[in-house]
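The structure appears right after this line, and notes come after that.
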Amino acid sequence: MELIVINGYTPPSPDKYDVDFSNINGADEQLENGYSYIEQVRAQVPSISLAWTNIVETDAANILSAVSSATFNCKYFFDGIKEDTFKCSSPKLSLKLVDGNTRYYDLSLTLEG
């Protein structure tokens, strides 16, 4: 089973895969009578942290190309396959090792719903 499909591209299995859901809140108001309220803008917004270790240059380029659009569609596993629109934040690519003509990279990124 595929953990994640990014914009139609199935990357190699990640070494790190964390899915988290949070609520995005707007105004947090305190009323004169002592009550407070929080205006919830969006509920259960997904965030996916991904990392790959020792991937080759073509895999790194393909993953970065798949997340290069401002927003993109993504299918991911969380108690079944879910589908949402995401944007990429905090991409980090590090050259790890050069073995002859092959370079290996570590890549990490976060997909925000």
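These numbers come from a predicted model, not from an experiment.
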Handout entry: Distance, nearest 0.5 Å, that separates CD of Glu83 from NZ of Lys75
Key = 5.0 Å
Exercise for the section: Measure the shortest side-chain to side-chain distance between Asn7 and Ser69 over non-hydrogen atoms and say whether it is less than 4.5 angstrom. Expected result: yes
Exercise for the section: Kindly indicate, with the supporting measurements, whether the criterion ring pair (Phe, Tyr, Trp, His ring centres under 6.0 Å) is fulfilled by Phe21 and Phe78. Expected result: CA-CA 10 Å; Phe21 290 90; Phe78 189 86; 4.8 Å; yes
Completion exercise
Nearest heavy-atom approach of Asp106 to Lys96 is OD2-CD, 3.2 Å
Exercise for the section: Carefully, step by step, assess Leu109 and Ser90 under the rule side chain to side chain contact (heavy atoms under 4.5 Å, CB included). Expected result: CA-CA 5 Å; Leu109 50 89; Ser90 307; over 6 Å; no
Completion exercise
Separation between CG (Leu97) and CG (Leu95), nearest 0.5 Å, reads 8.0 Å
Practice task
Walk me through it: do Tyr76 and Ile81 pass the test side chain to side chain contact (heavy atoms under 4.5 Å, CB included)?
Solution key: CA-CA 6 Å; Tyr76 60 99; Ile81 299 297; over 6 Å; no
Atom pairs and distances, donor-acceptor, side-chain atoms in residues 48-56, under 3.5 Å, two or more places apart:
unit_1: Trp52; atom_1: NE1; unit_2: Pro12; atom_2: O; d: 2.7
unit_1: Thr53; atom_1: OG1; unit_2: Asp15; atom_2: OD2; d: 3.4

Exercise for the section: Identify the two heavy atoms, one from Val45 and one from Gly113, that lie closest to each other, and give their separation to 0.1 Å. Expected result: CG1-O, 3.6 Å
Problem - Backbone N/O of Asn62 and side chain of Ser65: donor-acceptor pair under 3.5 Å - result: no
Handout entry: Side chain to side chain, Phe86 and Cys88, heavy atoms closer than 4.5 Å
Key = no
Exercise for the section: Establish whether Leu107 and Val98 are linked, either directly or via other cluster members, by ILVMFWY side-chain heavy-atom contacts under 4.5 Å. Expected result: yes
Problem - Nearest heavy-atom neighbours spanning Tyr105 and Leu93 - result: CB-CD1, 3.6 Å
Exercise for the section: Determine, stepwise, if the pair Ile6 / Phe72 fulfils side chain to side chain contact (heavy atoms under 4.5 Å, CB included). Expected result: CA-CA 8 Å; Ile6 304 168; Phe72 48 87; 3.8 Å; yes
Problem - Close side-chain approach of Pro14 and Leu3, heavy atoms under 4.5 Å - result: yes
Handout entry: Same cluster (ILVMFWY, side-chain, under 4.5 Å), Val5 and Val19
Key = no
Practice task
Find the distance between CG (Asp20) and CD (Glu112) and round it off to the nearest 0.5 Å.
Solution key: 9.0 Å
Problem - Min side-chain heavy-atom separation Cys74-Ile4 under 4.5 Å - result: yes
Handout entry: ring pair (Phe, Tyr, Trp, His ring centres under 6.0 Å) between Phe77 and Tyr17, intermediate numbers included
Key = CA-CA 10 Å; Phe77 176 79; Tyr17 179 84; 7.6 Å; no
Handout entry: Heavy-atom pair with the smallest gap, counting every atom of Lys87 and Ala70
Key = CB-O, 3.4 Å
